[in-house]
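Structure first, then comments.
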Amino acid sequence: RAEVVINGSSSPAVVDRSNESIKHNIQPASSKWRHNQTLSLRIRKQILKFLDAEKDISVLKGTLKPGDIIHYIFDRDSTMNVSQNLYELLPRTSPLKNKHFGTCAIVGNSGVLLNSGCGQEIDAHSFVIRCNLAPVQEYARDVGLKTDLVTMNPSVIQRAFEDLVNATWREKLLQRLHSLNGSILWIPAFMARGGKERVEWVNELILKHHVNVRTAYPSLRLLHAVRGYWLTNKVHIKRPTTGLLMYTLATRFCNQIYLYGFWPFPLDQNQKPVKYHYYDSLKYGYTSQASPHTMPLEFKALKSLHEQGALKLTVGQCD
Ligand code: CTP
């Protein structure tokens, strides 16, 4: 069969934004869940028709040179120049070249992780992906510490590091970057205008302080390719979230994929309030029409894949 049934039927996805239809359905971590190897392989194969994570995870040095002009993917009329620093930090070969892992964790940033006790379980996976430089030290019991790849939307510099207004914030960011200790730092630099300076600041810090990270800047076609894959499977997302991008990429190099911290709803399964992020006081924005994301719809697709054994979603406590 050519099509993976992500929405449980062959009819077009119904955009269901209500918490009601979803909240009681995910089984506790301890209940039986079986990995469906055949389905996982079929999904990998299908996604490979749209993108190849090994290549699309980053633009490589050989393909750009300083001064090249890039049109932002979501703001085609705006452009940026490839700076010398950005060029320096482009990898020569894919950081995922020939990589294969038994199990991977993708850690989303939902407050559902608080009091989950999932830290140890997350750290036990062979490859751990985190999003948007989310802090780990203070939350290790619930989110773990191991980080093999972490994403950083340019907006994080504004949201979590006060746009580096003074030496204290610059130092904070520097410490966070040093703590990455050789992992992959994935910066979507070419997605949307407005982040250019922030990306440049980070690039400069990394080079100036010889920070030990492997930088990666996703390919120009990645976003549309990921969207294309999900649209083909009747998941009508506006712009894929970082979390969904990571899952889509991970299918290429991870045998089994475990998702934690994916819960785009204000109440948990027991009707208790859930923070949007486990680490800050940002409020819910994912249901607003202005948001570029359709998180509840993404969640519905992920939940369906969980039920079919293609991935495992943990939305409560770990054993
Ligand atoms: N997430 C979730 N439920 C939440 C918060 C986040 O499922 N309450 C998932 C989403 O897939 C999101 C990822 O965790 O992409 C990382 O969270 P965050 O850093 O908040 O991402 P955003 O900045 O909100 O969105 P993006 O980076 O995707 O633009």
Side-chain angles (χ1 to χ4, degrees), residues 17 19 22-23 26 72-75 104-116 118 122 128-136 139 142-144 147 149-161 176 185-195 198-199 218 222-223 226-227 230 235 237-251 257-269 272-288 290-306 311-316:
R17 292 172 191 282
N19 208 5
I22 293 162
K23 67 193 173 201
I26 301 275
Y72 286 105
I73 295 157
F74 286 116
D75 302 293
C104 297
I106 304 176
V107 187
N109 286 335
S110 164
V112 80
L113 278 164
L114 291 170
N115 298 318
S116 67
C118 287
I122 290 173
V128 179
I129 299 175
R130 299 182 190 272
C131 301
N132 285 322
L133 281 184
V136 285
Y139 305 95
D142 294 328
V143 310
T147 303
L149 184 156
V150 63
T151 71
M152 192 209 85
N153 283 351
S155 58
V156 168
I157 301 304
Q158 179 198 17
R159 263 203 262 141
F161 297 95
R176 182 73 185 97
L185 176 64
W186 190 83
I187 309 177
F190 315 124
M191 301 289 175
R193 66 161 183 250
R198 292 172 186 134
V199 173
L222 178 71
L223 250 274
V226 168
R227 192 160 170 263
W230 290 97
V235 181
I237 44 177
K238 282 197 266 181
R239 191 191 291 189
T241 64
T242 302
L244 192 73
L245 280 175
M246 289 301 118
Y247 165 71
T248 314
L249 289 172
T251 57
I257 300 177
Y258 292 73
L259 267 45
Y260 305 85
F262 283 67
W263 187 259
F265 307 106
L267 297 177
D268 71 10
Q269 301 201 98
K272 293 223 176 79
V274 179
K275 288 175 71 186
Y276 179 62
H277 283 159
Y278 66 83
Y279 53 89
D280 66 19
S281 51
L282 201 73
K283 295 283 180 254
Y284 292 89
Y286 46 70
T287 45
S288 112
S291 164
H293 299 312
T294 24
M295 276 199 203
L297 178 65
E298 284 188 6
F299 183 86
K300 199 174 169 198
L302 295 172
K303 178 175 156 271
S304 167
L305 291 172
H306 165 91
L311 57 85
K312 183 170 179 199
L313 262 174
T314 297
V315 298

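What you see is a predicted model, and the numbers here were worked out from it, not measured in a lab. Computed from heavy atoms alone, side chains included, the values below leave out hydrogens, waters and symmetry copies. Every number for a ligand or one of its atoms is a count from 1 in the order of the listing.
Note that CD1 of Ile106 and CZ of Phe262 are 5.5 Å apart. Values are rounded to the nearest 0.5 Å.
Annotation: side chain of Val136 is not in contact with side chain of Val107 (no heavy-atom distance under 4.5 Å). Looking only at side-chain heavy atoms (C-beta outward), Arg227 and Arg239 stay at 4.5 Å or farther from each other. Two residues are said to be in side-chain contact when any heavy atoms from C-beta on lie closer than 4.5 Å; Val143 and Tyr260 fail this criterion. Using a 4.5 Å heavy-atom threshold, the side chains of Tyr258 and Thr314 count as separate. For the pair Pro188 and Asn153, the minimum side-chain heavy-atom distance is below 4.5 Å. Between Glu298 and Val235 the shortest side-chain heavy-atom distance does not fall below 4.5 Å.
Residue contact check for ligand 1: Arg130 places no non-hydrogen atom closer than 4.0 Å to it.
Note: no N/O pair closer than 3.5 Å links Glu298 and ligand 1 by distance alone. Between Asn132 and ligand 1, at least one N/O pair is under 3.5 Å apart. Taking only nitrogen or oxygen atoms, main chain and side chain alike, Phe265 does not reach within less than 3.5 Å of ligand 1.
Ligand 1 places these atoms under 4.0 Å from at least one heavy atom of Thr242: 15 (O), 26 (P), 27 (O), 28 (O). The distance from ligand 1 to the heavy atoms of Cys131 drops below 4.0 Å at these ligand atoms: 16 (C). Near Gly108, meaning under 4.0 Å from one of its heavy atoms, ligand 1 places the atoms 14 (O). Per-residue contacts place Pro264 under 4.0 angstrom from the following atoms of ligand 1 (heavy atoms of the residue considered): 3 (N), 7 (O), 8 (N). Applying the 4.0 Å criterion to heavy atoms of His277 picks out, from ligand 1, the atoms 18 (P), 19 (O), 20 (O). Close approach of ligand 1 to Asn153 (heavy-atom distance below 4.0 Å) involves ligand atoms 26 (P), 27 (O), 29 (O).
With sequence neighbours excluded, no residue forms a side-chain hydrogen bond (donor to acceptor under 3.5 Å, both in side chains) with Ser110. By the side-chain hydrogen bond (donor to acceptor under 3.5 Å, both in side chains) test, Thr248 is found to be paired with Trp230, residues two or more places apart in sequence or in another chain being considered.
The closest heavy-atom contact to atom 15 (O) of ligand 1, among the options Gly111, Gly243, Ser155, Pro240, comes from Gly243. Residue Tyr276 holds the heavy atom nearest to atom 8 (N) of ligand 1 of all those in Phe299, Tyr260, Phe262, Tyr276. Of the options Pro266, Pro188, Ala160, Gly261, the smallest heavy-atom separation from atom 1 (N) of ligand 1 is shown by Gly261.
Ring centers of Tyr279 and Tyr139: at least 6.0 Å apart, outside the cut-off.
Both the backbone and the side chain of Ser110 come within 4.0 Å of ligand 1, counting heavy atoms alone. With a heavy-atom cut-off of 4.0 Å, Met152 does not touch ligand 1 at all.
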